[in-house]
Amino acid sequence: MANRLAAETSPYLLQHADNPVDWYPWGDEAFAKARAEDKPVLLSVGYAACHWCHVMEHESFEDDETAALMNERFVSIKVDREERPDVDSLYMDAVVALTGHGGWPMTVFLTPEGEPFLGGTYYPPEPRHGLPSFRQVLDAVANAYRDRRGDIARQAATVVDAVRHSAELAPSTDPLTESMLREATRALARQFDREWGGWGGAPSFPQASTLEFLLRMHLRGEDEALPMVTQTLDAMAAGGMYDLVGGGFHRYSVDREWLVPHFEKMLYDNALLSATYLHAWSVTGEARYRRVTEETLDYMLRELRLPDGGFASAQDADTDGVEGLTFTWASEEGVREELLQPFEDGRSVIRGELDPDERARLFALREQRPKPLRDDKAIASWNGLALAALAEAARRFDRADYLDAARALGEFLLGPLSYDGRLHRTFRAGEAKGTGYLEDYADVAHGLLELHVATGDLRWLREANRLARLAVELFADEKHGGFFLSPADGEVLVARKKDLEDHPTPSGNSMLAYVLLRLARIYGDDELEQQATGVFRLVHGAATRVPSAFGHALTALELHFSPPREIAIVGPVDSPVARGALEPFQPDTVVAVGPAEDVPLLAGKHLVDGQPAVYICENFACQAPVTSYEAFTAP
C-alpha cells in the first residue's frame, strides 16, 4: 500500500511511503482521526541519514504484523526532525523527562490532543538488552489507553507541565560579569579529556562552539585555552571520524579516540568544523588546520552542493543497507596495513598520514563504489552556517571558487528559501516548505554578515540586519527574555519551546544574541544589545557549570564583554588596505564595508584622496583613516 507520505518532499518521509503502516504526516488530519476514533497517536521521529532509524523501519515498520497492530490501535504520524525542529524538540523533552535519555528514532505516544504520556527511542522486534519488543510496547500502551484512561490523563498532564516549565525558565537576577568567562574556561579545563581531547567521553561528538570560545579566550591571554583546542582538533583530524580520503567529518565516533565513526555526514558538522579549523589556522598558522578546512569545504562542494546553489542536509550512514560500506576498507583493497583500524565484518577505517598521491589513488578507488543516499533537502539554518564558513574561507584563502559558491548560496537563501521577506525552513524538489524557525533566522543572518565582509556588497549587510530584527519581532519572549524556537504566528503545540543548549549546533538563542551584538555595534543600537543580554541571563548559571553545552552562548558573551572595536572600510574589500585590516583573526571586531550613509558605522566616512580607506574605531572613538597595507603590517 502507498500511504499518505508519498506526496511529501522529505527524503525521510518518502523512505516510509511504501511501508504497510498507514502513516500520516504531522497535521490536523491525523489528530482529527485520533479524536474521531478515540485512539492514541503513535509519533515516530527520525531523519534520513540515521542508521538506527533504518534498522527500526526494516524490523518493525516493514513488518506486516507490526503494521497491522499499529493501524488497528493507533493513528501513526511520521515526522522528519529536520523539517520540524519544534515538534522534535518538544517531544524529545518529553521523552527525556519520562526516561532520562533521548535519541533517534524517537517513539512517543500522545493523546488525541497531542499530549505525550509515554515514549522512548529504538524498540527491537524481539525483547533484548533489557528492552521490550516493539509489539509488546504497542499492546501495553493500547491496553492502558483503553482500560486506564485516568492514569494516562494524569501522566500526560505531568509530562506537559514539566515541558512547559522548562520553556518558562526565569532569567537570573545575578549580575553578568566578565569572571563568567574565566569560570567557564576553568570548568572546561577540569572536564577536559587529557588523553584524546574533547569533553564527555564516548561517544565523542565534535564541539565546535566550545572550541571557538576557547580560541577567543586564548586571545584574552588564558594560557590553558589553546592547548585544549589544538589537542582536540588534532585528535579529531587523525582519521576515523574525519574522512582522510574524501574530506569532511562523520557525525560522531562511538569511542573516546575519534576513531570508529557513526558514518552519516551532516552539513552542520562540516560547516561548523571547517570554520573552527579555519580560525585555528588563523591563530596558529599551522598548515594542517588549513588543509583540513579546505578538504572539508571541498567535500561539501563536491558531495552536498545542489544545482540551485544550496547544500543538501546529509549523507546517509548506510550504503546498500550496510553501515559505513562506502567509507571502510578491506585489507586487500590497496591500503597500507599500518593505516587500517578494525571496524566490523572484516572492514576497517583509515587512520594515519596519507601523502597526496596516496590520498588521490584511494579516492579514485573509492569513487568506483556506490555512494550513500543523500538527503537532498536544503535546511535554511544549516545553509546559513555553511555560508558563514565558505565566505570567510574565501576571504582568508583567496579562493574564488568558495566566493562564487557563497554568493550563489546567499542568492538561494534570499530567493527560493524566502517568501514575502520571511524564511522557509526547507527546500527540495523545487518546493519550499515550512515556516522558518529561530535558528533559521539567526544562522542565515550570521552567514550574510560574513558574506558582506567577504564581498563588500551592502545588500548582504542590510539583509542580515532585516532578518535579525524580524527575528526579534517573531520570536522574542517579552516576559522572560530570550527567544522561542517557533514564531508567534506559528502552529500552536502543547508548549512553546525555547532551546538554549549549543549542542550539536549553536542554539537559535545564542546565535541570534551573537548576531544582534555585532549589528548593535554596526548600527549603534543599544536595544539590540539588550535583547542579546536577555539570552545571557537565561543561561547565567548553567553556562559556567556545564560550559561544553553552552559554547556559543559563551562565545557571544565574550563578545559582549569585549571593548567595542569596529572597522569601517570604504572602497573595495579586496584592496590592499582592506586586506591588511582584515588579515588578523579578530573575532571581537565588527566590520562594515561602504560607503553608505544609512549604516551608522559608515556614515560620514569616505575615500581619502580617491583611495580606499580603513577607519578603526575603538572604545567609541575613531582613529584617523588608514590608506596603506603597510600601516597594518609594519612592526
Side-chain angles (χ1 to χ4, degrees), residues 195-198 204 206 208 211 227 229-253 255 257-261 263 265 269-271 273-305 315 319 324-344 346-372 389-390 393-394 396-402 405:
E195 185 176 5
W196 293 104
S204 299
L211 298 170
V229 174
T230 56
Q231 184 178 352
T232 304
L233 293 180
D234 290 342
M236 288 197 300
M241 193 186 76
Y242 181 67
D243 179 0
L244 292 171
V245 173
F249 290 84
H250 299 290
R251 191 162 74 95
Y252 66 92
S253 71
D255 47 52
E257 296 86 353
W258 312 99
L259 178 60
V260 176
F263 285 93
K265 286 182 173 181
D269 280 325
N270 286 287
L273 288 169
S274 57
T276 303
Y277 279 86
L278 170 64
H279 297 153
W281 171 77
S282 299
V283 168
T284 67
E286 294 288 351
R288 64 186 185 276
Y289 299 141
R290 174 169 180 160
R291 175 180 56 78
V292 172
T293 304
E294 292 188 290
E295 288 176 0
T296 302
L297 292 173
D298 292 347
Y299 155 75
M300 288 165 50
L301 289 170
R302 184 182 72 244
E303 301 290 353
L304 298 180
R305 196 176 185 207
Q315 282 184 303
T319 303
L325 183 63
T326 298
F327 302 105
T328 54
W329 299 80
S331 58
E332 67 274 9
E333 289 182 314
V335 182
R336 285 183 286 133
E337 283 292 330
E338 61 267 27
L339 295 174
L340 295 176
Q341 298 286 335
F343 171 52
E344 57 187 36
R347 300 190 67 79
S348 299
V349 295
I350 294 179
R351 170 172 282 196
E353 294 288 334
L354 295 180
D355 66 53
D357 290 342
E358 187 176 25
R359 182 174 186 261
R361 178 178 61 81
L362 294 177
F363 181 73
L365 281 172
R366 203 175 79 180
E367 283 292 280
Q368 298 171 29
R369 301 174 180 171
K371 290 191 178 182
L390 274 169
R396 292 195 179 279
F397 296 157
D398 198 18
R399 288 277 300 256
D401 56 337
Y402 290 174

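On a predicted model such as this, the values are computed, not experimentally measured, just so you know.
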What are the two closest non-hydrogen atoms of [X] and [Y], and how far apart are they?
X      : Y      : value
Pro261 : Val349 : CD-CG1, 4.0 Å
Thr230 : Pro227 : OG1-O, 3.3 Å
Ser348 : Pro342 : OG-CA, 3.7 Å
Ala405 : Arg305 : CA-NH2, 3.6 Å
Leu278 : Ala393 : CD2-N, 3.7 Å
Met241 : Tyr252 : SD-CA, 3.7 Å

Practice item. Could you walk me through whether Phe343 and Phe263 pass the side chain to side chain contact (heavy atoms under 4.5 Å, CB included) test, one step at a time? Key: CA-CA 11 Å; Phe343 171 52; Phe263 285 93; 3.5 Å; yes

**Study point:** Ring geometry between Phe249 and Tyr242 (parallel below 30°, tilted from 30 to 60°, perpendicular above 60°)
**Key:** tilted

Practice item. Please step through side chain to side chain contact (heavy atoms under 4.5 Å, CB included) for the pair His279 and Tyr289, ending with a clear verdict. Key: CA-CA 9 Å; His279 297 153; Tyr289 299 141; over 6 Å; no

Exercise for review: Indicate whether any N or O donor in one side chain lies under 3.5 Å from an N or O acceptor in the other, for Gln315 and Tyr299.
Suggested key: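 There is such a pair between these side chains.
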
How far does [atom1] of [X] sit from [atom2] of [Y], to the nearest 0.5 angstrom?
X      : Y      : atom1 : atom2 : answer
Tyr402 : Arg396 : OH    : CZ    : 14.5 Å
Lys265 : Met300 : NZ    : CE    : 11.5 Å
Arg291 : Asp298 : CZ    : CG    : 12.0 Å
Thr293 : Arg290 : OG1   : CZ    : 9.0 Å
Asp401 : Leu390 : CG    : CG    : 9.0 Å
Tyr277 : Leu297 : OH    : CG    : 13.0 Å

Check your understanding: Any side-chain heavy-atom pair from Arg366 and Trp329 closer than 4.5 angstrom?
Key -> yes

Check your understanding: Between Leu325 and Arg347, does a side chain to side chain contact (heavy atoms under 4.5 Å, CB included) hold up when you go through it step by step?
Key -> CA-CA 8 Å; Leu325 183 63; Arg347 300 190 67 79; 4.0 Å; yes

Review point. When you look at CD of Glu286, are more than 12 heavy atoms from neighbouring residues, nucleotides or ligands closer to it than 6.0 Å?
Key: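 Yes, the 6.0 Å shell around CD holds more than 12 heavy atoms from other groups.
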
Any ion pair linking [Y] and [X] (charged N to carboxylate O, less than 4.0 Å)?
X      : Y      : value
Glu333 : Arg369 : yes
Arg351 : Glu257 : no
Lys371 : Glu303 : yes

**Study point:** Passing candidate, side chain to side chain contact (heavy atoms under 4.5 Å, CB included) with Ile350, options Leu362, Asp243, Thr328
**Key:**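 Going through Leu362, Asp243, Thr328 one by one, the side chain to side chain contact (heavy atoms under 4.5 Å, CB included) with Ile350 is satisfied by Leu362 alone.
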
Practice item. Check the pair Phe363 / Leu244 against side chain to side chain contact (heavy atoms under 4.5 Å, CB included), numbers first and verdict last. Key: CA-CA 9 Å; Phe363 181 73; Leu244 292 171; over 6 Å; no

